[in-house]
Number of protein chains: 2
Amino acid sequence: MYKISEAAIRANLPVKTVRYYGDIGLVTPAVRSDSGYRLYTDSDIAKLSFVGRARRYSFSIDQCRELLDLYEDEQRPSSVVKKITLEKIAEIDSRLHELKELRDELQHLAGSCHGDSRPDCPIIGKLSNGSLENGKF
Amino acid sequence: MYKISEAAIRANLPVKTVRYYGDIGLVTPAVRSDSGYRLYTDSDIAKLSFVGRARRYSFSIDQCRELLDLYEDEQRPSSVVKKITLEKIAEIDSRLHELKELRDELQHLAGSCHGDSRPDCPIIGKLSNGSLENGKF
DNA sequence: CTTGACCCTCCACTAAGGGGAAGGTTTATC
DNA sequence: GATAAACCTTCCCCTTAGTGGAGGGTCAAG
């Protein structure tokens with residue numbers, strides 16, 4: 001049984017985060033000591049690490065909760081896990097697409113701006129009225 | 001002079017957002033009516049639209065504040081605007097890079113999961129201990 | 001005169017924690 | 001035994017960029 005800071009180190013998470021995961025009922029410590037300290041088992045730490053990895057894979061807390069249920073269910077069909085993962089991939093693809101378009105448009109804007117000390121600027125122009133004017137007014 | 005809902009329509013923003021921009025001192029209405037209604041001028045609406053476009057370009061509120069200052073400064077050097085835009089592009093590039101790596105790794109994981117009714121799953125395995133095991137335990 | 005469409009302010013909520021205060025516990029040192 | 005450092009607790013506020021709603025005032029039409 002580990003106190004929170006030891007558990008946090010082992011799970012490679014900040015203490016605040018571990019406490020927070022307890023508060024929201026994602027990973028609750030097995031027991032409390034007489035003085036009220038949270039005490040974590042190795043199994044708890046495995047779950048914390050699991051969530052930590054899933055979060056690094058950009059799964060939301062709710063998705064982590066779902067994955068954690070599957071993690072604990074030894075009868076889980078792998079199809080469910082795969083489905084959640086494919087959804088996550090689709091989400092990322094969509095975000096990638098948006099960001100690419102945004103980037104290209106900003107790049108275009110920056111490319112058409114001479115970027116010197118003169119006040120006219122096509123970027124401001126575009127933001128001002130949606131057309132690519134020089135933005136001097 | 002337009003009341004808030006008219007201003008919101010003209011700026012193509014939700015009323016709540018227009019009020020919010022006033023609250024945070026980003027775009028404050030020119031005056032208030034006797035009864036306390038916010039009254040916006042055409043110039044205010046131009047600023048609101050400007051911010052709306054910049055937000056759609058994923059500039060943060062703080063960046064919008066900076067851009068708005070430049071928008072209002074007829075002496076602005078275009079170099080400053082360009083610099084902010086290039087910073088934004090770099091930020092997006094970095095996020096793109098992260099997301100691509102994440103996507104590829106998830107794709108790899110999903111590809112190695114048979115996705116049927118059996119309980120062993122390499123995705124869970126990876127999340128459990130970082131190695132690509134089948135995740136049955 | 002009342003109804004409905006506006007408008008106001010204030011409060012709470014979102015995601016996922018971070019920062020810090022006030023106070024109790026434990027451990028090491030003197 | 002005293003004390004100080006390190007650790008733990010709960011509680012509250014802060015973040016982004018708004019959104020939703022309650023409770024109440026204003027205005028124009030019928």
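A note on names: the letters A, B, ... follow the listed sequences, proteins ahead of strands, and every chain is numbered from 1. In what follows, every heavy atom counts, from backbone to side chain, and hydrogens, waters and symmetry copies are set aside.
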Review point. Base, backbone or nothing for each nucleotide of nucleotides 4-11 of chain C, written B, S, -, heavy atoms under 4.0 angstrom, 5' to 3'?
Key: --BSSB--
**Study point:** Intermediate values then yes/no, side chain to side chain contact (heavy atoms under 4.5 Å, CB included), B:Asp120 and B:His114
**Key:** CA-CA 9 Å; B:Asp120 30 325; B:His114 40 69; 4.2 Å; yes
Exercise for review: Map B:Asp34 and B:Asp62 onto DNA chain D by nearest heavy atom, then report which one ends up closer to the 5' terminus.
Suggested key: B:Asp62
**Study point:** side chain to side chain donor-acceptor pair (under 3.5 Å) evaluation trace for A:Tyr2 with A:Asp44
**Key:** CA-CA 10 Å; A:Tyr2 314 99; A:Asp44 291 333; over 6 Å; no
**Study point:** Partner set under side-chain contact (heavy atoms from CB on, under 4.5 Å) for B:Lys16, not counting sequence neighbours
**Key:** B:Arg19
Practice item. Check side-chain contact (heavy atoms from CB on, under 4.5 Å) between A:Ser60 and all other residues, then give those that pass, not counting sequence neighbours. Key: A:Asp62, A:Gln63
Check your understanding: Hey, are B:Lys3 and B:Glu6 close enough for a salt bridge, meaning a charged N less than 4.0 Å from a carboxylate O?
Key -> no
Check your understanding: Is the closest basic N to carboxylate O distance between A:Arg95 and A:Glu91 below 4.0 Å?
Key -> no
Practice item. Take the C1' atoms of the five end pairs on each side of the helix from C:dC1-D:dG30 to C:dC30-D:dG1, get both axes, and report the angle to 10 degrees. Key: 30°
Study note, to complete from the structure: Sorted by number, residues from residues 83-100 of chain A placing a heavy atom under 4.0 Å from DNA chain D are none
Exercise for review: Look at all strands and tell whether B:Ser33 reaches a base, only sugar-phosphate, or nothing, counting heavy atoms closer than 4.0 Å.
Suggested key: nothing
Revision key, fill the gap. In this structure, OG1 of A:Thr85 is separated from CG of B:Leu109 (nearest 0.5 Å) by 6.5 Å
Check your understanding: Within this structure, what is the CZ-to-C1' distance between B:Arg56 and D:dG18, rounded to whole angstrom?
Key -> 14 Å
**Study point:** A:Tyr20 OH - C:dG18 P separation (whole Å)
**Key:** 10 Å
Point to revise | Partners meeting ring pair (Phe, Tyr, Trp, His ring centres under 6.0 Å) with B:Tyr20 (sequence neighbours left out) | key: none
Check your understanding: Within the pair B:Tyr21 and D:dG18, is there a side-chain N or O less than 4.0 Å away from OP1 or OP2?
Key -> yes
Review point. With a 4.5 Å limit on heavy-atom distance, are the side chains of A:Tyr21 and A:Thr17 in contact?
Key: yes
Point to revise | N/O donor-acceptor pair under 3.5 Å between A:Arg38 side chain and A:Ile4 backbone | key: no
Exercise for review: Begin with the C-alpha distance, continue with both residues' side-chain angles, and end with the deciding distance and a verdict on side chain to side chain contact (heavy atoms under 4.5 Å, CB included) for B:Phe50 and B:Leu67.
Suggested key: CA-CA 9 Å; B:Phe50 179 90; B:Leu67 287 169; 3.9 Å; yes
